[in-house]
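Presented below is the structure to which this report refers.
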Amino acid sequence: MIKDFILPDIGEGVVECELVEWLVEEGDSVVEDQPIADVMTDKALVQIPAPNAGVIKKLHYKKGEIAIVHKPLYSVDIADDDAVSSASEQVEQTVEAASGSVSGETNSSVKSTQVEEFLLPDIGEGIVECELVEWLVAEGDYVVEDQPIADVMTDKALVQIPAIKNGKVAKLHYRKGQLAKVHAPLFAIEVDVESDSSASATVNSASKASEEIVESGVDSGANTGAAQGKALASPAVRRLARSYDINIAEVPGSGKSGRVYKEDVERYRGQLVKGQSTQTTTVESEPKTTTPAPAVSVADRTEAIKGVKAVMAKMMTESVSTIPHFTYCEELDLTELCLLREQMKAKYSTDELKLTMMPFFMKAMSLALKVYPIINSRVNDDCTELTYLGSHNIGMAVDSKVGLLVPNVKNVQSRSILEVAAEITRLTNDARSGRVAPSDLKGGSISISNIGALGGTVATPIINKPEVAIVALGKLQTLPRFNENGEVEARKIMQVSWSGDHRVIDGGTIARFCNQWKAYLENPQEMLLAMQ
């Protein structure tokens with residue numbers, strides 16, 4: 001029976017999302033809870049699991065297209081329970097027949113297994129090691145080709161490592177937090193080996209079907225917090241159990257075949273909390289003594305600085321120790337720009353295009369860089385050559401879940417404000433998920449740090465070497481200011497703080513450049529005319 005999978009309500013009023021990646025292809029056999037697709041809302045990256053086992057018949061969207069909530073996402077050919085049961089029996093019989101164990105028959109086909117090592121591939125960028133952030137499987141789990149096995153962290157981004165074969169995970173060679181070496185074994189997998197070509201197709205098909213039947217009951221959750229045992233549950237339910245530090249194997253499931261749902265986890269947690277509360281009440285009902293409790297010392301905790309944080313520490317140290325920084329501060333009156341942005345926001349903002357203030361800051365900066373190209377330059381290590389960069393690749397600091405990342409919008413000089421806004425939305429979503437592409441982190445020519453989003457007005461930003469300047473945006477405030485007639489008005493004011501490389505830029509140059517940038521921002525009509 002062919003059935004359409006309807007994209008569910010993802011919550012928070014989301015009515016559509018971008019199809020980031022299909023994790024299956026048409027014709028693939030899938031099992032219940034197997035990840036089918038990654039979709040991006042304006043809030044986060046969401047993985048869509050399969051609610052039923054079956055064969056994928058049609059994928060209704062291409063990568064990058066916008067999928068609509070409550071509309072078909074894909075079509076799947078679903079077998080009923082009797083057919084699945086029958087297929088399971090046929091699989092077992094086929095495997096037995098292929099191995100010569102049915103009715104005393106002898107076949108020339110011999111089925112065996114062998115353990116193969118999966119070598120951590122070259123991730124590029126000259127990277128020779130990476131941190132094992134999370135195992136997405138456990139030893140003994142059955143996995144299928146392209147199933148995510150582990151998340152690893154390079155000095156640039158979070159990378160997911162997929163399986164290249166079907167099989168059973170025999171050994172995980174690293175613990176969470178350890179450094180894995182490129183071209184060295186990451187994990188070992190036990191795969192089937194066929195010795196007779198005449199029976200190869202039959203046995204291989206039976207093996208794959210058998211794996212798919214077993215797969216539906218396999219725990220693919222990472223072992224974090226409480227130990228996670230075997231249980232039938234979706235990835236979301238497993239994450240919920242881990243967040244409560246509950247072993248999901250101990251949760252009584254109310255679904256078919258003991259499947260555990262979120263309600264089961266919440267109910268089990270409530271019972272635990274109630275039990276703890278009862279114990280507390282019993283203790284409190286005992287007679288109190290007047291003897292004061294002894295002071296309890298809290299142990300210190302030491303953590304290794306790894307991943308993106310370690311890279312940031314190294315780069316910032318190198319920047320301040322090799323670049324003579326100086327700071328220049330200025331005040332911007334953004335009253336007119338705020339009015340323009342609100343008008344444009346009402347007309348142009350979508351889930352794929354967030355019209356914040358940042359696109360205007362970037363475009364105005366690009367226009368000012370045309371007048372003062374030295375701000376868009378870089379100097380060699382011994383300060384004997386200065387290179388003027390042709391492209392305005394403007395970076396923006398993003399506080400992601402893996403640490404500080406600075407992706408950059410390429411070629412701002414040739415993009416419209418709306419094109420810049422769309423690119424900023426994409427980069428922000430990628431950076432906050434920790435999966436920004438390495439190419440988006442390279443080649444920046446100048447950077448913007450928006451500290452005002454978190455509070456604060458003035459800062460001393462550190463230059464993102466080998467760039468020669470960076471600006472920090474303070475929070476936007478409504479403050480009293482005198483107009484031309486000496487009258488007090490409420491104005492939208494922002495403090496900005498520049499840091500410059502004093503080997504290349506002097507105070508007068510950064511002041512004149514900032515004044516040019518300021519003129520475009522305070523008089524948006526001038527910026528629009530300069531874009532022609």
Side-chain angles (χ1 to χ4, degrees), residues 10-12 32-35 43-47 49 131-143 147-153 158 160-161 169 171-178 180 187 215-255 257-284 293 296-309 399-403 432-435:
I10 306 173
E12 299 194 18
E32 188 174 359
D33 288 335
Q34 179 177 335
K43 300 290 185 182
L45 186 68
V46 179
Q47 196 167 78
E131 178 188 347
L132 198 292
V133 175
E134 195 81 66
W135 284 112
L136 307 178
V137 296
E139 292 182 358
D141 282 358
Y142 285 86
V143 298
Q147 178 178 335
I149 299 296
D151 283 339
V152 300
M153 174 66 72
L158 191 67
Q160 199 166 76
I161 304 296
V169 177
K171 184 173 179 59
L172 306 176
H173 291 301
Y174 296 94
R175 294 189 304 276
K176 179 179 177 180
Q178 287 188 318
F187 64 92
E215 184 79 12
S216 65
V218 172
D219 178 8
S220 61
N223 293 328
T224 58
Q228 297 295 309
K230 302 293 182 181
L232 282 171
S234 69
V237 175
R238 295 182 185 281
R239 284 194 298 272
L240 180 64
R242 287 197 296 272
S243 71
Y244 291 153
D245 203 24
I246 292 174
N247 184 349
I248 199 167
E250 299 174 359
V251 180
S254 60
S257 303
R259 173 170 293 280
V260 179
Y261 295 108
K262 288 185 178 180
E263 295 78 8
D264 299 323
V265 175
E266 295 287 0
R267 188 183 306 110
Y268 184 79
R269 178 173 179 261
Q271 293 171 353
L272 293 179
V273 172
K274 183 178 180 181
Q276 293 172 356
S277 176
T278 301
Q279 293 176 3
T280 302
T281 302
T282 302
V283 171
E284 291 180 351
V296 178
S297 299
V298 179
D300 296 339
R301 181 168 57 92
T302 302
E303 290 183 353
I305 299 176
K306 297 181 291 186
V308 171
K309 293 181 179 179
D399 186 19
S400 77
K401 68 178 184 180
V402 297
R432 286 178 177 165
S433 70
R435 302 184 186 279

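For this chain, numbers begin at 1 and follow the sequence in order.
- Each of I161, D151, D141, I149 was checked for a side chain to side chain contact (heavy atoms under 4.5 Å, CB included) with L136, and the lone residue meeting it is D151.
- Contact annotation: the side chain of I246 approaches that of L272 to within less than 4.5 Å [non-hydrogen atoms, C-beta and beyond].
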Could you go through V133 and V152, starting from their C-alpha distance and side-chain angles, then the distance that decides it, and tell me whether this counts as side chain to side chain contact (heavy atoms under 4.5 Å, CB included)? CA-CA 5 Å; V133 175; V152 300; 5.7 Å; no
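- Checked by atom type and distance alone, the side chain of W135 never pairs as donor or acceptor with a backbone atom of R175 at under 3.5 Å.
- Across A150 and L132, no two heavy atoms sit closer than the pair CB-CD2, 4.1 Å.
- E139 places a side-chain N or O within 3.5 Å of a backbone atom of L172 that can act as its donor or acceptor partner.
- Contact of the Y268 side chain with the E250 side chain is registered, since non-hydrogen atoms from C-beta on lie closer than 4.5 Å.
- Listed here is the closest heavy atom pair of I248 and A241: CB-CB, 4.1 Å.
- In this structure, the separation between NZ on K176 and CD on E131 is 9.5 Å, given to the nearest 0.5 Å.
- Under the 4.5 Å side-chain criterion, counting only non-hydrogen atoms from C-beta, Q147 is in contact with V137.
- The line from CD of E134 to CD of Q160 is 11.0 Å long, rounded to the nearest 0.5 Å.
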